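Just so you know, these numbers come straight off a predicted model, no measurement behind them. Side-chain atoms are counted along with the backbone in the values below, which use heavy atoms only and exclude waters and symmetry mates.
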Amino acid sequence: MPPQNPWPGVLWRSLWLTAAAALLGYLFGNVLLGLLLLALAALAWQYLHLIKLEQWLRLSRLYPPESSGVWGSVYDDLYRHAKRQRQRRYRLAQLLRSFRESVDAMPDAAVVLREDDDIEWWNRAANRLLGLRSPQDVGQRIDNLLRHPHFRAFLDGEKEQESLTIPSPLDDEILLEVRIIPYGNARRLLLARDITRLRRLEVMRRDFVANITHELRTPLTVVRGMAETLQDIAAHESEDLARPLALIDQQTRRMESLVEDLLTLSRLETGEQEPNLQPVDVAKLLESVLTEARALSDGRHQFELEAQEGLIIEGDKAELRSAISNLASNAVRYSPDGGRISIRWQRHGNEARLSVADTGIGIAPQHIPRLTERFYRVDRGRSARTGGTGLGLAIVKRILHRHGAHLEIESRQGEGSVFICRFPIPGSKERGEALRRPS
Ligand code: ADP
């Protein structure tokens, strides 16, 4: 029901009381005295209500004092307003509680960071995974509690990584994947996910591939040896066997290169062997890679080499050689006869760039982001025919990663491709950090 306007009643009551006071005063021979007494009584009445109102507000009582008229209406309005506020506060508290309960139910740690990376709030999983304790850790800087050497740089956004993997400060055996998400007014949310099991499975998968390929190596060598022997015998005795034996030889060679590539990749992925870093004269390395590529091309392509002399980088010579020769052999294998292959090694500002360009079949844009995935091939048939394993670019990517470098691919279908390896220059801050980054 909408509140009633009290003023007409007040007006009538005032007129009526004034008339009565004037009449009484007249009967007692002093109209002014009658009106004065009425004014005093009205003042006392207002004071009485002010006192009641002040007490009600001071003591935060639920129900307002009884009253009528303007004061009754003031009490009712204030009571309604306070009730609405209480209901709103209750709804907000409910919402906050259910939000906190849901965040607490999350298996991942969530920590709210203020502008200076001080910790404002965290959920239950953050106690378990990051060891945060209430109330002593409220207001602490997060990097005082997560003291991993790469964490500060990651927090400052110096590393262009989406996430960082670090051990839990409570237990080195627990691996955490940490992400930082900015939101609101200069706030950040730190999320940490326990990836121990995932990592273990990943290691098991790598070990499995490494073991199985290792086991395949010996039987394959035997089969190829036998096929060669049989080919020699068949060359003299049976012409019919020559073709199937040549096929056996060709396929076992293919399987051998697949096994070798898988072993190389798993060695690079497990990181069991650190890169053997030493100054590498890439210009010299390119000459021997070029000789190999020429042999593969067998005169079907033109080659061009432009290398900046004295541009030396620190790296693992064997790994760099393997990466560059993968790119050069791709350029040969995916360029039709008569194509031109250009290899360049040059300094560009803070980095050294190796580019392998060809005038080959090119690659459609939708394939480019996936080329470095294991076994990803645009055209399976062509890759197999030219002796590809589908692992070459995955190996290149891994090797570059171990050298703090990265691969860029530019291509136009039907026109050709350029594969660019960008190495930070030795001594630059970026490279120092990149080389120390765990792979
Ligand atoms: P593969 O052994 O099949 O060549 P890679 O990992 O070396 O495997 O390359 C993956 C795929 O990328 C190839 O199958 C091919 O489709 C494409 N590719 C690589 N290099 C080139 C290139 N220079 N020109 C065109 N396509 C290429």
If the condition is ring-ring contact (aromatic ring centres under 6.0 Å, His included), which residues does Tyr79 pass it with, not counting sequence neighbours?
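So Tyr79 forms a ring-ring contact (aromatic ring centres under 6.0 Å, His included) with Tyr63.
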Is there a side-chain contact between [X] and [Y] (heavy atoms, below 4.5 Å)?
X      : Y      : result
Val138 : Trp122 : yes
Leu35  : Thr18  : yes
Leu371 : Val378 : yes
Leu400 : His406 : no
Leu391 : Leu258 : yes
Leu130 : Leu190 : yes
Trp56  : Leu78  : yes

Can you tell me how far [atom2] of [Y] sits from [atom1] of [X], rounded to the nearest 0.5 angstrom?
X      : Y      : atom1 : atom2 : value
Ile195 : Glu177 : CD1   : CD    : 5.0 Å
Leu92  : Phe99  : CG    : CZ    : 13.0 Å
Asp281 : Ile312 : CG    : CD1   : 4.0 Å
Leu155 : Ile180 : CG    : CD1   : 5.0 Å

Does either side chain, that of Arg193 or that of Ser163, offer a donor lying less than 3.5 Å from an acceptor on the other one?
no
Under 3.5 Å side-chain donor-acceptor pair for Arg97 and Gln94
yes
Please check: side-chain N/O of [X] versus main-chain N/O of [Y], any donor-acceptor pairing under 3.5 Å?
X      : Y      : answer
Ser411 : Gly416 : yes
Asn123 : Asp104 : no
His214 : Leu263 : no
Glu269 : Arg206 : no

Over 12 non-hydrogen atoms of neighbours within 6.0 angstrom of CD in Glu309:
no
Residues 111-119, side-chain donor-acceptor partners within the protein, below 3.5 Å, at least two apart:
unit_1 : atom_1 : unit_2 : atom_2 : d
Asp117 : OD1    : Arg188 : NH2    : 3.0
Asp117 : OD2    : Arg152 : NH2    : 3.4

State which residue, out of Leu320, Val356, Val282, Leu327, fulfils the side chain to side chain contact (heavy atoms under 4.5 Å, CB included) condition with Cys421.
Leu327
Please walk me through it: do Ile181 and Leu191 pass side-chain contact (heavy atoms from CB on, under 4.5 Å)?
CA-CA 8 Å; Ile181 298 148; Leu191 291 176; 3.4 Å; yes
Could you check whether [X] pairs with [Y] (Lys NZ or Arg NE/NH1/NH2 to Asp/Glu carboxylate O, under 4.0 Å)?
X      : Y      : value
Glu304 : Arg344 : yes
Glu274 : Arg402 : no
Lys284 : Glu287 : no

For Gln346, the option from Gln308, Glu306, Arg353 that meets side chain to side chain donor-acceptor pair (under 3.5 Å)
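Single side chain to side chain donor-acceptor pair (under 3.5 Å) partner of Gln346 among Gln308, Glu306, Arg353: Glu306.
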Trp71 vs Tyr75 aromatic rings, parallel, tilted or perpendicular, using cut-offs 30° and 60°?
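Plane angle between 30° and 60°, so tilted.
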Of all residues at least two apart in sequence or in a different chain, which pass the salt bridge (charged side-chain N to carboxylate O under 4.0 Å, His left out) check with Glu415?
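Glu415 satisfies salt bridge (charged side-chain N to carboxylate O under 4.0 Å, His left out) with no residue once adjacent residues are dropped.
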Is there a side-chain contact (heavy atoms from CB on, under 4.5 Å) between Phe154 and Asp143? Walk through the geometry before answering.
CA-CA 10 Å; Phe154 176 68; Asp143 50 337; over 6 Å; no
